[in-house]
Amino acid sequence: MDYGLRGRVALVTGAASGIGRATAELFARNGARVVASDVNAEAGAAVVAELGGEARFAAADVTDGDALRAVVGEAVEGFGRLDIATNCAGVGGGHASTHEYPEAEFDRIVEVNLRGTWLAMRAEIEAMLKGGGGAIVNVSSTLGLRGSPFAAPYSASKHAVLGLTRTAALEYAAQGIRVNAVCPGAIDTPMMDATFERFPGFRETLTSYVPMERMGGPEEVAGAIAWLSCDAASFVTGEALTVEGGLLSR
């Protein structure tokens, strides 16, 4: 499918694996000039080598605001502007009831998933205001739309990402910046693999709740991100688009 992204300048955080990698690959296949960023420099650089073309890698930890401004600067200096930004960087959670959740783990999840998304948006919006507009897509989760036992900080952080998304959508709509989010459900990513290793049998249990009777692929979420980033979605902002095989329809 052609999303009409040829020549656009796109930044993807968390691009070394999972949804971020699939998104960077889809953007590149559609002719976008991609700046891929990740805290894992070796893995991220390998992804960019596979993308080829004009793609470039910029290492950054999303909890470091200065590093994120440098990544955005790499896009603007290298390609002249920033048209699209997709904030995929995030971490999963542990497994504990709310009153027993380790404080340090809680802080780490919120720091990466929430504060990291805000820091990335801050740098991206600054560049897009100077460039006359753009499109931002944040990665939330179906757990940003509902609760989940034993996942308080993850669910809370993903709810908060939607708050950031909707607030920024209102603030910058008249200035040509659209801000949306995707809410993936059961997606087959390395993050989920780690969970399945900790809890044998959980893959089968999770899949049994999905009406489509399978897990989704990262590329299916990337397709939703690409659509939200393209001109076909020019009147869409502040939206939380679910990609979950009908899970929330139960």
Side-chain angles (χ1 to χ4, degrees), residues 9-16 18-20 23-24 35-40 44 58-76 82-93 101 103-131 133-145 151-184 191 221 224-225 228-229 236-241:
V9 180
L11 166 64
V12 182
T13 71
I19 293 169
T23 301
V35 176
S37 182
D38 200 277
V39 69
N40 187 332
D61 183 332
V62 294
T63 65
D64 184 338
D66 289 339
L68 286 168
R69 280 197 166 111
V71 170
V72 171
E74 175 89 7
V76 174
L82 180 65
D83 301 309
I84 297 165
T86 303
N87 297 314
C88 301
V91 293
Y101 221 98
E103 186 173 341
E105 180 72 359
F106 190 104
D107 290 346
R108 182 185 73 90
I109 294 167
V110 172
E111 178 79 0
V112 174
N113 293 354
L114 173 55
R115 188 168 178 272
T117 299
W118 169 67
L119 288 172
M121 288 175 64
R122 182 179 67 172
E124 294 154 3
I125 290 167
E126 287 172 352
M128 289 178 179
L129 287 172
K130 293 175 183 176
I136 296 172
V137 181
N138 297 319
V139 175
S140 180
S141 168
T142 52
L143 297 192
L145 298 167
Y154 185 82
S155 182
S157 69
K158 293 301 186 177
H159 273 78
V161 165
L162 295 183
L164 283 175
T165 298
R166 290 164 176 152
T167 298
L170 294 173
E171 290 174 342
Y172 303 104
Q175 293 162 283
I177 301 175
R178 296 186 301 104
V179 188
N180 292 289
V182 290
C183 297
M191 185 185 295
V221 183
I225 291 170
L228 287 170
S229 302
V236 180
T237 196
E239 185 59 60
L241 179 60

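Counting begins at 1 with the first residue of the sequence.
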Non-hydrogen atoms of [X] and [Y] that approach each other most closely:
X      : Y      : value
Gly133 : Ile177 : CA-CG1, 3.9 Å
Ile19  : Pro184 : CD1-CG, 3.9 Å
Glu74  : Val35  : CG-CG1, 4.5 Å
Gly238 : Asn180 : N-OD1, 3.1 Å
Ile109 : Gly93  : CD1-CA, 3.4 Å
Gly90  : Val112 : CA-CG1, 3.9 Å

Worksheet item: When Leu11 is tested against each of Asp83, Ile136, Thr86, Leu82 for side chain to side chain contact (heavy atoms under 4.5 Å, CB included), which residue passes?
Response: Leu82
Worksheet entry | Residue from Val221, Leu241, Leu162 passing side chain to side chain contact (heavy atoms under 4.5 Å, CB included) with Cys183 | Leu162
Worksheet item: Among Thr165, Thr117, Asn138, Asn113, which one satisfies side chain to side chain donor-acceptor pair (under 3.5 Å) with Asn87?
Response: Asn138
With no hydrogens and no angle check, is any side-chain donor or acceptor of [X] less than 3.5 Å from a backbone partner on [Y]?
X      : Y      : value
Arg122 : Leu68  : no
Ser37  : Ala58  : yes
Thr167 : Leu164 : no
Thr13  : Ala89  : yes
Lys158 : Leu145 : no
Ser155 : Ala151 : no

Worksheet, complete the sentence: The reported gap from CD in Glu124 to CD1 in Ile84 (rounded to nearest 0.5 angstrom) is 11.5 Å
Discussion item. Salt bridge (charged side-chain N to carboxylate O under 4.0 Å, His left out), that's the test. Do Arg108 and Glu111 meet it? Break it down for me.
Written reply: CA-CA 5 Å; Arg108 182 185 73 90; Glu111 178 79 0; over 6 Å; no
Worksheet, complete the sentence: The complete set of salt bridge (charged side-chain N to carboxylate O under 4.0 Å, His left out) pairs with one or both residues in residues 162-174, sequence neighbours excluded, reads none
Fill in: For Asp61, all residues meeting side-chain hydrogen bond (donor to acceptor under 3.5 Å, both in side chains), sequence neighbours excluded
Thr63
Worksheet item: Between Tyr172 and Thr237, is any pair of side-chain heavy atoms under 4.5 Å apart?
Response: no
